[in-house]
There are 2 protein chains.
Amino acid sequence: MVEPKSTRQKSKTQDQHIYEEIFDAILEQRLWPGTRLKEESLGEIFGVSRTIIRRTLSRLAHERVAVFEPNRGAFVAEPDVSDARQILDARRLMELAIVERVAERASSIKDEFKKLYDLIEQEHKSSAAADKGTAIRLSGEFHLELARLSGNKPLEGFLHSLVPQTSLIIALYQAKEGSRCAIDEHSRLLDALKLGDAEEAKRLMGEHLDHIEERLALDESPGNRNLAKVFGRRTEKAGA
Amino acid sequence: MVEPKSTRQKSKTQDQHIYEEIFDAILEQRLWPGTRLKEESLGEIFGVSRTIIRRTLSRLAHERVAVFEPNRGAFVAEPDVSDARQILDARRLMELAIVERVAERASSIKDEFKKLYDLIEQEHKSSAAADKGTAIRLSGEFHLELARLSGNKPLEGFLHSLVPQTSLIIALYQAKEGSRCAIDEHSRLLDALKLGDAEEAKRLMGEHLDHIEERLALDESPGNRNLAKVFGRRTEKAGA
DNA sequence: GACTGAAAAATTGTATACAATCTGCTCATC
DNA sequence: GATGAGCAGATTGTATACAATTTTTCAGTC
C-alpha cells in the first residue's frame, strides 16, 4: 500500500480539500456573506462533478455557513442580528468550556502546545505583513486548535461550525477595525493555559470575546449598516 | 398556492421525513449501534433513489449518529467508551446552558410550555403501557423541546445531535434498567423552569443527568458488556 | 473438512442525463 | 416609456448509468 491506486481512494481527501478551501475563503473573508455558490462553477474550479460539490455545500449548509434556497442554489450565509447574538452566545459558552478542559489537561498534553505557539508566531508575521486575510484565518485556527486540545470531539466539532459563522458576523457587522491586540490576548491566554490556571484562562478568554463583540454594531437602530438585510433582499454577488 | 404542484416541492419535506424516521428509530432503539444502513434497501423503503438516501445518511454521519466506512457503506455509530464520556460531558454542558436560558426567558414564553406538559403526559401513558421504545423517544423529545425553547438555534442544533448519540450510548452500555423516575424528574424540572428558578432547574437537570450516567457501565474493566467493541468486530445486522 | 484463490454478485462512489424551476430577455400592448 | 406575457437560457433537483471496490460463492487442493 504505497500509493492510492485509483481516483476513488482520494475521495475522502478530495472532499476535505474542497471543503477546507471554501472554509478558509470564508475565514479570510474572501468569500462574502450572500455570495452565490454556483455548483457548476465550483465543479469546474476543483475538477469534479456537481455530485461532489453538492455534498460539500450540503455540509456547509448543515454547519450553517451556507444556506440552500430551494431551486435557487446555495449562498454564503448572512446571519441576521438575532442569529449573530445566538451564535456569539453559543460561542462564548463553548470557548469557556474548552479553555477549562484544556487547562485541566495542561500537564498531560504539554507537548501539543507547540502548534499554538507556531500559530501565534504566524499571526505576528502576517500582521506585520499587513496580510489581514491570513491574520484573521490564523486567529480562527488558534481557537480551533484549542478546541482540539480540549480532548472533546463533539465540542471541537461544534466550535468548528461557530468559528466561520463568527467570521461572517464580523464581515457583516464589524464597525471598528480591530487592533492586533488579539494576538497578545492569544499569547497571554496560552501562558495561563500552560500553567493550568483555568480561572485565569477563562477570564482572559472572556475578555478576548468581549473585545471581539465590542467592535460589532449589533444594535438594530435605523442607521444600521446592513441595509440588504433590513429590506430582506439578496446581495447577489457572482460566485467565482 | 394551495398545494405543492410537483414532486420537487416536497423535496425538503421528503428529506426531513426520511431523516426523522431514521432518527426516531435510533431514539427508540429499534436501530441498534452497528446496524448497516444499506442505501438501496432504504431507497426502496422510502420510494426514492439512492441520491436522496445518501444525502440523509451524510447528514446522519455529520451528526455522528452514523458512520461511513469507505467503500463499505454507512452504519449506525458505535461510540466507544472514550466517545461516550466526551458526548456525555458535552451534553451536560449543553443541557445546563439550555436550562439556564429557558429559565431566563420563562416569563416571556410561558405559552410555549404547553408542549412540554403534553410530552410528560405522553411519557406517562407510554410508560404505563410498557411501551419502552416510545417512552425513550419521548424523553429525548422532551430535551429537544427544551433546547428549542432556549431560543438559541446553534445550541438546539448541537443538542439535536447529542440526544441520539446518548441513545446509542445507552443501548451499548446501560447496565441497570431505569425506573420511570425520569418522568418525575422531567416534571419537577419543568416546575422549576416555569418559576424561572434557574439555579434549581440546573440542579435538577444535573441530577437527572447523573441518574442517566449512573446506570451506565462505562468502566473499561474486562468484564465489560460490549464484547464486539473489545474485539473490534462489526455487529453486522441486516439493514431493514 | 479446512484453506486458497478466482470468478460472480452485490454494493458503493462518481459522473451524467433529464426534468423541474427560476431568471432574464424580447416584444406586443397600453 | 412602462407593463406584462411568453419564450429561451441557465441552474438546480433527482434518477440513473457506469466504474471501482468489497463481499460472497464455489471449485480445487492439501
Side-chain angles (χ1 to χ4, degrees), chain A residues 1-19 22 34-62 66-77 232-240, chain B residues 1-19 22 34-62 66-77 232-240:
Chain A
M1 266 175 251
V2 188
E3 277 297 321
K5 19 192 173 184
S6 90
T7 68
R8 242 177 133 190
Q9 202 65 328
K10 293 196 299 183
S11 70
K12 185 94 186 275
T13 323
Q14 171 98 290
D15 266 42
Q16 187 63 17
H17 170 250
I18 298 174
Y19 170 81
I22 299 177
T35 305
R36 184 166 188 181
L37 300 167
K38 225 182 293 184
E39 299 179 0
E40 195 155 356
S41 310
L42 289 170
E44 279 167 22
I45 290 169
F46 295 109
V48 294
S49 81
R50 285 175 52 216
T51 306
I52 312 295
I53 297 298
R54 206 147 225 281
R55 186 162 59 220
T56 304
L57 291 177
S58 123
R59 178 174 171 191
L60 290 165
H62 191 259
V67 172
F68 271 105
E69 300 197 12
N71 290 319
R72 284 188 22 86
F75 299 83
V76 176
R233 298 273 168 65
R234 187 141 320 289
T235 313
E236 189 74 48
K237 296 196 178 189
Chain B
M1 263 177 253
V2 188
E3 276 296 321
K5 19 191 172 185
S6 89
T7 67
R8 242 178 132 187
Q9 203 65 330
K10 294 196 301 182
S11 70
K12 186 95 186 275
T13 323
Q14 172 99 290
D15 265 42
Q16 188 63 15
H17 170 250
I18 298 174
Y19 170 80
I22 300 177
T35 305
R36 183 166 190 183
L37 299 167
K38 225 182 291 184
E39 299 178 1
E40 194 156 352
S41 310
L42 290 171
E44 280 167 21
I45 290 169
F46 294 109
V48 293
S49 81
R50 284 175 51 216
T51 307
I52 312 294
I53 297 298
R54 206 147 225 281
R55 186 163 59 220
T56 304
L57 291 177
S58 124
R59 177 173 173 193
L60 290 165
H62 191 260
V67 172
F68 271 105
E69 301 196 12
N71 291 319
R72 285 187 22 87
F75 299 82
V76 177
R233 298 271 170 65
R234 188 144 317 290
T235 312
E236 190 73 47
K237 295 197 179 187

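Note that the structure is predicted; figures quoted are calculated from it, not measured. In the text below, chain A, chain B and the rest are named by the order of the sequence lines, each starting its count at 1.
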Residue pair A:L42 / A:L57, side-chain heavy-atom distance below 4.5 Å: yes

CZ-CD1 distance between A:R55 and A:I52, expressed to the nearest 0.5 angstrom: 4.5 Å

Heavy-atom pair of closest approach, residues A:V67 and A:A77: CG2-CB, 3.8 Å

Options C:dT14, D:dT12, D:dA15, nucleotide nearest the side-chain atoms of A:R36: D:dT12

Earlier contact from the 5' end, DNA chain D, for A:G73 and A:T51: A:G73

Exercise: identify the closest heavy-atom pair between A:R59 and A:Q16: NH1-OE1, 3.3 Å

Presence of B:R72 side-chain N/O under 4.0 Å of D:dT21 phosphate oxygens OP1/OP2: no

Short side-chain N/O contact to C:dT14 OP1/OP2 from A:R55, under 4.0 Å: yes

Reported CD1-to-CG distance for the pair A:I18 and A:L60, which is rounded to 0.5 angstrom: 11.0 Å

Distance, rounded to the nearest Å, where A:L57 contributes CG and D:dT11 contributes P: 15 Å

Nucleotide of D:dT14, C:dA15, D:dT11 approaching B:I52 most closely (side-chain heavy atoms): D:dT14

Whole-Å gap separating P (D:dT11) and CG (A:L37): 14 Å

Distance, rounded to the nearest Å, where B:E69 contributes CD and C:dA10 contributes C1': 17 Å

Euclidean distance, atom CG of residue B:D15 to atom P of D:dT12 [Å, nearest integer]: 17 Å

Separation of atom CG in B:N71 from atom P in C:dA10, rounded to whole Å: 18 Å

Side-chain N or O of A:K38 closer than 4.0 Å to phosphate OP1/OP2 of D:dT12: no

Rounded interatomic separation in angstrom, taking CZ from A:F75 and P from D:dT12: 8 Å

Integer-rounded Å distance: D:dA15 P and B:Q14 CD: 8 Å

Residue whose nearest DNA chain C nucleotide is more 5′ - A:R50 or B:E40: B:E40

Spacing between A:E39 atom CD and C:dT21 atom P, to the nearest angstrom: 17 Å

